[in-house]
Amino acid sequence: MKQLQAITAFLVNLNLVAAENIDAWVENPQIIPAGTDKGAKSIVLFRQKYDAMIVIERFPHKVHPAELLFGQVCAWLMENDGERGDGSEATITTEVEILDDSTADVIITIDFIEDVTAYEDATGPIALAGKHYRLDAQDIMYAETGYVTADAVL
């Protein structure tokens with residue numbers, strides 16, 4: 001989920017709000033097996049589709065119009081969303097909740113598609129077609145926080 005990480009860093013670096021006012025996470029993750037040969041002893045193991053949720057709290061809409069923020073997001077996508085590969089464009093939805101005369105909470109949802117690449121490695125944990133593969137370290141994202149819920153069925 002490199003694209004979510006990259007666009008979040010981009011938004012933080014814009015300095016439109018304090019970094020602690022920006023939160024981002026993944027919803028609706030899906031994987032699509034691929035197995036596409038990339039050469040150099042690597043394959044696209046699967047494509048990863050997900051909705052990137054970005055929440056910006058207390059956005060100063062009087063100082064920076066929301067259109068500026070949305071324009072920055074669109075410009076970033078046009079320059080950095082090259083892995084889509086299927087000719088489709090990103091779907092972006094926004095929600096703005098005005099808190100007072102000068103601040104608003106902004107929610108931006110972007111659907112992303114990313115390739116996850118595996119590299120031939122004799123000691124790799126992934127077996128496919130008689131070969132072993134490992135994931136590139138940058139393709140492995142570890143959750144730093146989270147929660148678990150359980151729905152009781154009676």
Side-chain angles (χ1 to χ4, degrees), residues 1-36 38 40 42-119 125-126 133-154:
M1 293 161 211
K2 299 176 280 189
Q3 289 174 308
L4 174 58
Q5 188 176 37
I7 196 167
T8 303
F10 170 77
L11 292 171
V12 167
N13 289 331
L14 290 175
N15 291 317
L16 299 176
V17 297
E20 59 267 13
N21 290 14
I22 299 176
D23 196 10
W25 65 89
V26 168
E27 289 190 358
N28 306 316
Q30 300 174 30
I31 59 171
I32 303 159
T36 309
K38 288 182 67 172
S42 66
I43 61 169
V44 175
L45 187 60
F46 61 91
R47 302 202 80 209
Q48 188 166 252
K49 294 175 74 172
Y50 61 92
D51 293 330
M53 304 295 296
I54 302 167
V55 175
I56 303 172
E57 296 178 328
R58 296 179 298 284
F59 182 77
H61 64 85
K62 291 283 182 160
V63 177
H64 308 292
E67 293 81 5
L68 172 64
L69 172 64
F70 300 153
Q72 293 280 14
V73 168
C74 288
W76 186 92
L77 285 169
M78 286 186 269
E79 288 193 352
N80 296 281
D81 191 20
E83 288 192 40
R84 201 157 286 273
D86 60 2
S88 66
E89 295 180 6
T91 301
I92 307 165
T93 59
T94 60
E95 183 179 328
V96 178
E97 180 184 345
I98 303 296
L99 301 175
D100 56 40
D101 285 347
S102 59
T103 61
D105 286 347
V106 179
I107 301 171
I108 302 170
T109 305
I110 307 167
D111 72 319
F112 279 124
I113 302 171
E114 300 178 22
D115 291 342
V116 175
T117 302
Y119 298 88
I126 301 168
Y133 293 88
R134 64 170 168 74
L135 295 179
D136 189 7
Q138 68 178 346
D139 285 335
I140 302 172
M141 299 297 219
Y142 296 98
E144 294 179 14
T145 61
Y147 61 91
V148 176
T149 62
D151 295 327
V153 177
L154 300 175

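By convention here, the first residue in the shown sequence is residue 1.
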Practice task
Check for a donor-acceptor pair, side chain of Glu114 on one end and backbone N or O of Lys2 on the other, with a separation under 3.5 Å.
Solution key: yes

With a 3.5 Å cut-off and sequence neighbours excluded, list the donor-acceptor pairs that the side chains of residues 65-78 form with protein atoms.
none

Completion exercise
Residues passing the side chain to side chain donor-acceptor pair (under 3.5 Å) test with Thr8, sequence neighbours excluded, are none

Going from [atom1] on [X] to [atom2] on [Y], what distance comes out if it is rounded to the nearest 0.5 angstrom?
X      : Y      : atom1 : atom2 : result
Ser42  : Asp115 : OG    : CG    : 10.5 Å
Phe112 : Arg47  : CZ    : CZ    : 13.0 Å
Thr91  : Asp111 : OG1   : CG    : 4.0 Å
Leu45  : Arg134 : CG    : CZ    : 12.5 Å
Thr93  : Ile107 : OG1   : CD1   : 9.0 Å

Problem - Counterpart residues, side-chain contact (heavy atoms from CB on, under 4.5 Å), relative to Tyr133 (two or more places apart) - result: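 For Tyr133 the side-chain contact (heavy atoms from CB on, under 4.5 Å) partners, ignoring immediate neighbours, are Ile43, Ala118, Glu120, Ile126, Leu128, Lys131.
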
Problem - Residues which pass side-chain contact (heavy atoms from CB on, under 4.5 Å) with Ile98, listed by chain and number, not counting sequence neighbours - result: His61, Val96, Ala104

Problem - Pair Asp81-Gln3, side-chain donor/acceptor within less than 3.5 Å - result: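 Looking only at side-chain atoms, Gln3 and Asp81 do form a donor-acceptor pair, the distance falling under 3.5 Å.
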
Exercise for the section: Show the numbers, then the answer: is there a side chain to side chain contact (heavy atoms under 4.5 Å, CB included) between Asn80 and Ile7? Expected result: CA-CA 9 Å; Asn80 296 281; Ile7 196 167; over 6 Å; no

I'd like a table of donor-acceptor pairs (distance under 3.5 Å, sequence neighbours excluded) in which one partner is a side-chain atom from residues 17-35, with atom names and distances.
| residue | atom | partner | partner atom | Å |
| --- | --- | --- | --- | --- |
| Asn21 | OD1 | Arg58 | NH2 | 3.1 |
| Asn21 | ND2 | Glu57 | O | 3.1 |
| Trp25 | NE1 | Glu27 | OE2 | 3.0 |
| Asn28 | ND2 | Asp51 | OD2 | 2.7 |

Practice task
Scan residues 95-106 for pairs that pass side chain to side chain donor-acceptor pair (under 3.5 Å), counting only residues two or more places apart or in two chains.
Solution key: Asp100-Ser102, Asp100-Thr103

Handout entry: Residue pair Leu11 / Ile54, side-chain heavy-atom distance below 4.5 Å
Key =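 In contact.
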
